[in-house]
There are 2 protein chains.
Amino acid sequence: MKYSKATNYALHTMLNLALSKSSKPIGVQTLAEKLNVSPTYLSKILTKLVKEGMVSSVSGANGGYSLTRGWESISFLDIIFAIEGKSSLFECGLDHGPQCQIQKVMLKSEKKMEEELRRQTLADLAKTSE
Amino acid sequence: MKYSKATNYALHTMLNLALSKSSKPIGVQTLAEKLNVSPTYLSKILTKLVKEGMVSSVSGANGGYSLTRGWESISFLDIIFAIEGKSSLFECGLDHGPQCQIQKVMLKSEKKMEEELRRQTLADLAKTSE
DNA sequence: TCTATTAAAGACTATAAGACTCTCTAATAT
DNA sequence: ATATTAGAGAGTCTTATAGTCTTTAATAGA
Ligand code: SF4
Ligand code: SF4
């Protein structure tokens, strides 16, 4: 069980966008170079972020990507969910009701991690990384 | 990012072993039937648990698997680590030193989950599941 | 000592998910 | 119009998971 590389790229890209003071959008070409990853691949990741409303994009010349207003409060969890999906890490396929302790424990521990990831915002990250 | 099925099987098998009052070891055949999984596959999972010292095995007629002494204090985390390995969920491959906030956050959140998983023992599970 | 039984090991196959690439279309600034 | 840039979709490559099959080692009991 590992985070996907896409999540890694997404986190770094969001940080790059947050650190860019420019008001101009940044092209995927530029962003991809910093991460040493192919532009077309990063493009798909960015599209997911756009669909979740954390990033806005503009096509055409001088187009590119930029963070949406309110970006400061975007959390690590938001970014991770955008890429990995929101479903639980543990799924047994069955449902043996409330007497099932296994799911209860697995779910609770997962929530603890999510809680922490929700607490960390992009603003925090940008502040300590600049 | 999902837990593997093997982890699921391991947790259920450990629970089954804990609930079995019999002092006789239980064969993989029997254990596999309960989970509806092939005996040879479950066997590999059990071997991992044996190697971690949580389960003891005896070959030959009337052989099988049983929990080792001290099983009550085995935690969910122990079982999960035995199957999934102990390495971090987030690995970027690089090391940009202490100013890297991304790793810091990811690692910390992971630890929160592990903390919770370490708190839950097999004894707790068996008690509330019998 | 022989045989049935059971775990362990290893090679192998199958399926699925992740990590891309390529090509084409749509939007937009100049 | 044209150049530039994002988006969408199909297709490929690689890796990890999931699982099978076969052989060997250990042990109980006849
Ligand atoms: S006991 Fe819980 S975890 Fe296990 S199969 Fe039933 S619902 Fe799933
Ligand atoms: S900044 Fe941190 S997470 Fe990103 S590549 Fe460097 S060490 Fe890894």
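Just so it is clear, the structure is predicted and the values come from calculations on it, not from any experiment. Per chain, numbering begins at 1; letters A, B, ... match sequence-line order.
The separation between B:Gln29 atom CD and C:dA8 atom P is 15 Å, rounded to whole Å. Rounded to whole Å, the distance from OH on A:Tyr41 to P on D:dA6 is 18 Å. For A:Leu49 and D:dG7, the CG to C1' distance is 14 Å, given to the nearest whole Å. Look at NZ on A:Lys2: it is 16 Å from P on D:dT15, rounded to the nearest Å. To the nearest angstrom, P of D:dA18 lies 16 Å from CG of B:Asn36. In this structure, B:Leu42 places its CG atom 14 Å from C1' of C:dA8, rounding to the nearest Å. Between the CD atom of A:Glu84 and the C1' atom of C:dA17 there is a distance of 12 Å, given to the nearest Å. Rounded to whole Å, the distance from CG on B:Leu46 to P on C:dT6 is 15 Å.
Side-chain atoms of A:Ser87 and B:Lys2 form a donor-acceptor pair, as typed in the model, at a separation below 3.5 Å. A side-chain donor-acceptor contact under 3.5 Å links B:His12 and B:Asn8. Using modelled atom types, one finds a donor on one side chain and an acceptor on the other under 3.5 Å when comparing A:Ser75 with A:Asp78.
Formation of a donor-acceptor pair under 3.5 Å by the A:Glu84 side chain with backbone atoms of A:Tyr3 is not found in this model. For A:Thr68 (side chain) and A:Met54 (main-chain N/O), a donor-acceptor pair under 3.5 Å exists by modelled atom type. Between the side chain of B:Ser88 and the backbone N or O of B:Glu91, no donor-acceptor pair lies under 3.5 Å.
For A:Thr47, a side-chain nitrogen or oxygen approaches OP1 or OP2 of D:dG7 to under 4.0 Å. Phosphate contact (OP1/OP2 of C:dA8, side-chain N/O of B:Tyr65, threshold under 4.0 Å): present.
When heavy atoms are screened at a 4.0 angstrom cut-off, B:Val37 is found touching no nucleic acid atom at all. Among the protein residues, B:Lys51 comes within range of the sugar-phosphate backbone only, with heavy atoms under 4.0 Å from sugar or phosphate atoms but none that close to a base.
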Across nucleotides 21-30 of chain D, 5' to 3', mark each nucleotide with B, S or - according to how protein heavy atoms within less than 4.0 Å reach it.
-----BBSS-

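Applying the side chain to side chain donor-acceptor pair (under 3.5 Å) test to A:Ser129 and every residue at least two apart in sequence or in another chain returns nothing.
Atom NZ of A:Lys127 sits in a sparse spot, with 12 or fewer heavy atoms from other residues, nucleotides or ligands closer than 6.0 Å.
Residues B:Val58 and B:Leu67 are members of separate hydrophobic clusters, defined by side-chain heavy-atom contacts under 4.5 angstrom among Ile, Leu, Val, Met, Phe, Trp and Tyr.
At a non-hydrogen distance threshold of 4.0 Å, nothing from residues 3-13 of chain A comes into contact with DNA chain D.
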